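By convention in this document, chain letters (A, B, ...) are assigned in the order of the sequence lines, proteins followed by strands, and residues within each chain are numbered from 1. All values derive from a computational prediction rather than experimental measurement.
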Amino acid sequence: MESLLYLVLAGLMTGAIYALVAIGFTLLWQTSQTINFAQGEFAMLPAFFMLVALNLKLPLWLAILLGVGVSILLLGLAFKRLLVDPMLRHGVLPLAIATMALAIFLKESVKEFYSAEAQRFPSLFPEQKVDVGGAMISIQSIGVFLVAIAAVVALQLFLSRTRTGRSMQAVAQNPTVARILGVPVERMILLTFAINAALVALASALVTPIYLAKFSNGEVLGMAAFVAAIVGGFNQIRGAIAGGFLLGIVDNIAAAYVSTQYRAAIPLLILIVVIMVRPQGLLGRAEERTV
Amino acid sequence: MATDAPSAPAPPPQATPPLVPAKAILELDGVVAGYGRTTILHGVSFTVKQGAITTVIGPNGAGKSTVFKVVFGLLRAREGKVRFDGRDITNVEPRRLLSLGLCYVPQGRNVFPELSVRHNLDLAGVAAGSGIDFPARIAAAMERFPMLRSKADRQASTLSGGEQKILEIARGLLLDPKLVLIDEPSIGLSPLMVQEVFAVLAELRAKGVTVLMIEQNAKSALGLSDQAIVLELGRTRHQDSAAAILADPRIGQLFLGGAMGQTAPHVVDAPPLA
Ligand SMILES: Nc1ncnc2c1ncn2[C@@H]1O[C@H](COP(=O)(O)OP(=O)(O)OP(=O)(O)O)[C@@H](O)[C@H]1O
Ligand SMILES: [Mg+2]
């Protein structure tokens with residue numbers, strides 16, 4: 001049995017990944033009422049873009065960069081223009097259902113056109129372990145954690161310290177008033193989709209060396225992001241971060257102390273408990289939208 | 001015509017029309033618009049004189065706010081024309097209207113609740129031309145409204161209703177507009193705050209800025225105004241000097257009485273002074 005410290009540290013790493021995926025999920029909801037049920041597949045797919053680049057003998061850093069770029073084009077801009085815009089005209093629910101269909105399409109496409117087998121994926125970090133207060137933690141885990149945290153902090157700084165970032169917040173808080181002040185609302189929404197794509201692509205590059213690249217990876221990640229976002233309040237980026245870490249830690253502890261078989265049920269259990277005790281989420285506020 | 005001149009800060013000295021008629025800064029000509037399939041505005045036409053305060057009155061649902069949305073490019077005019085400063089601005093985007101010198105303060109709450117007061121002000125800078133020293137303008141606005149400085153780093157949602165209105169107005173004025181559209185600024189505010197808001201509008205007029213306002217608080221609004229427009233069922237019913245509209249017993253009965261919660265007498269009293 002692993003020590004509790006080890007489990008918490010491992011949970012922080014998992015949680016950082018969940019947070020990355022959950023933040024984007026929340027951003028899309030905030031700025032364009034998109035509930036992206038394909039978010040997990042969005043975090044699965046970029047690894048395969050990167051694998052294609054690696055198969056062309058490109059170095060890892062370049063493959064990751066290309067993967068992020070292609071993700072921004074396909075999972076950001078094309079997703080917004082070709083699926084979200086046309087579907088949102090019919091309402092939030094038709095769009096949500098369309099993203100479920102997209103999830104299946106992406107998963108089956110990878111299985112069909114790349115491989116149904118798990119693929120090895122090189123890591124950015126060395127294999128060694130280091131001693132952290134008695135727990136042996138892999139440098140890989142520490143690296144994943146630090147890169148994910150750096151991305152989250154950079155995003156937070158962008159959103160709060162730059163006028164463009166605050167324009168994005170303004171669009172989320174009141175799109176009509178944003179437009180009245182001359183904020184290019186459409187461009188800000190498109191930017192959220194691009195940011196979401198970059199975040200999931202980064203999550204993909206970080207997590208795939210550990211779990212291997214497989215078409216079904218999105219199932220766990222998507223569920224985790226969805227639950228983390230709801231647990232955190234759904235309308236708050238801070239909430240998505242808190243939810244991601246909570247889920248990551250509980251997930252690891254439960255896998256060790258309860259059972260690996262019931263591990264998949266843990267997110268849902270947390271979700272049910274939070275919804276019963278605090279329906280607006282841990283950090284959420286009641287939704288209040290005016291036109 | 002027995003009229004008491006409205007004794008707002010810079011009233012026209014007499015009720016007789018000036019020799020050189022003031023130029024019209026905004027003209028609506030047969031504007032038709034609505035939501036979805038329903039038509040709300042059935043051909044609205046009026047002119048707004050430069051440098052004056054003009055108030056639009058009319059019963060609830062007459063289409064007053066809808067007129068503003070059309071002027072500011074938030075709702076399409078299906079027919080008709082809107083001209084600003086001699087230029088056709090029918091169905092022009094808000095972003096461009098801002099650069100032409102229009103500004104719009106809608107009805108209700110229009111701050112970004114989770115951004116600070118300072119950042120609410122700063123956002124207006126997205127439409128500022130490159131030659132503008134925007135931080136200096138924010139500093140000047142804080143000079144004029146010290147509350148904005150003392151609460152600069154608070155979330156806008158923590159301000160009172162009146163303070164939020166001041167913030168919205170100050171934010172709108174940062175781009176130095178020529179014409180301010182303001183929809184029911186007094187609604188939900190304390191009498192003291194209403195006075196402050198109306199004083200700001202009078203100050204704008206003194207600086208030559210044109211104000212077009214919608215008000216339910218019609219008696220005090222007309223007392224401050226130079227011109228008035230009566231809108232009913234999506235059509236312009238009257239356009240006249242504010243004093244004439246105030247003195248018109250039919251209008252008093254139709255709108256002012258109702259809006260003031262009085263059992264409309266035939267004679268409307270002289271306007272109370274703001
Ligand atoms: N977004 C909208 N969608 C559909 N109908 C609307 C919308 N906004 C307003 N209306 C309808 O248009 C009509 C005119 O509304 P408008 O807000 O212009 O009236 P108003 O004169 O400003 O009234 P009030 O004094 O209540 O503010 C009303 O019947 C209203 O129900
Ligand atoms: Mg209205």
Side-chain angles (χ1 to χ4, degrees), chain A residues 23 26-27 29-31 89-91 155-192 232-242 280-291, chain B residues 35 65 68-69 71-75 92-129 132 134-135 138 153 155-157 164 167-175 177 180-183:
Chain A
I23 288 171
T26 306
L27 274 178
W29 165 254
Q30 284 185 321
T31 53
R89 262 176 244 137
H90 301 285
L155 178 66
Q156 287 285 35
L157 288 178
F158 167 71
L159 287 175
S160 60
R161 299 281 171 87
T162 70
R163 193 188 265 161
T164 306
R166 291 192 296 265
S167 298
M168 283 174 64
Q169 290 191 58
V171 168
Q173 290 172 30
N174 195 334
T176 308
V177 176
R179 191 154 166 237
I180 286 169
L181 292 185
V183 172
V185 173
E186 255 312 299
R187 211 184 309 154
M188 290 304 124
I189 295 177
L190 204 57
L191 185 56
T192 356
F234 207 56
N235 46 22
Q236 299 266 52
I237 290 178
R238 307 196 287 281
I241 299 169
Q280 74 274 39
L282 295 179
L283 299 179
R285 47 173 156 63
E287 284 274 322
E288 189 185 338
R289 276 186 182 277
T290 50
V291 175
Chain B
Y35 304 94
S65 299
F68 276 22
K69 288 185 215 164
V71 171
F72 210 70
L74 298 168
L75 184 66
V92 166
E93 267 284 300
R95 200 176 162 77
R96 211 170 122 50
L97 297 177
L98 288 164
S99 68
L100 292 176
L102 272 90
C103 126
Y104 172 38
V105 183
Q107 199 172 337
R109 299 274 165 99
N110 303 291
V111 298
F112 300 107
E114 287 168 50
L115 293 182
S116 68
V117 168
R118 184 192 311 283
H119 287 155
N120 262 277
L121 291 170
D122 180 69
L123 257 187
V126 295
I132 292 174
F134 208 69
I138 291 179
D153 296 314
Q155 277 203 346
S157 61
Q164 292 191 21
L167 169 56
E168 289 170 25
I169 295 172
R171 186 179 63 187
L173 298 179
L174 284 171
L175 293 181
V180 176
L181 306 170
I182 184 161
D183 193 345

List, one per line, each side-chain donor-acceptor pair under 3.5 Å for residues 118-127 of chain B, sequence neighbours excluded.
unit_1, atom_1, unit_2, atom_2, d
R118(B), NE, D153(B), OD1, 3.4
R118(B), NH2, D153(B), OD1, 3.4
H119(B), ND1, S116(B), OG, 3.4
H119(B), NE2, R166(A), NH1, 3.3
N120(B), OD1, F112(B), N, 2.9
N120(B), OD1, R171(B), NH1, 3.0
N120(B), ND2, F112(B), O, 3.1
N120(B), ND2, L115(B), O, 3.3
N120(B), ND2, S116(B), O, 3.1
D122(B), OD1, R163(A), NH2, 3.0
D122(B), OD2, R163(A), NE, 3.1
D122(B), OD2, R166(A), NH2, 3.0

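E168(B) does not touch chain A: none of its heavy atoms, backbone or side chain, sits under 4.5 Å away. Contact annotation for Y104(B): both backbone and side-chain heavy atoms come within less than 4.5 Å of a heavy atom of chain A. Of the atoms belonging to S160(A), it is backbone heavy atoms, and not side-chain ones, that fall under 4.5 Å from chain B. Interface residue P106(B): only side-chain heavy atoms are found under 4.5 Å from chain A.
Atom CG of L98(B) and atom CG of L181(A) lie 7.0 Å apart (nearest 0.5 Å).
Between P94(B) and R179(A), the shortest heavy-atom distance links the atoms CB-O, 3.5 Å.
When atom types are taken as modelled, the side chain of E114(B) and the backbone of Q173(A) share no donor-acceptor pair closer than 3.5 angstrom.
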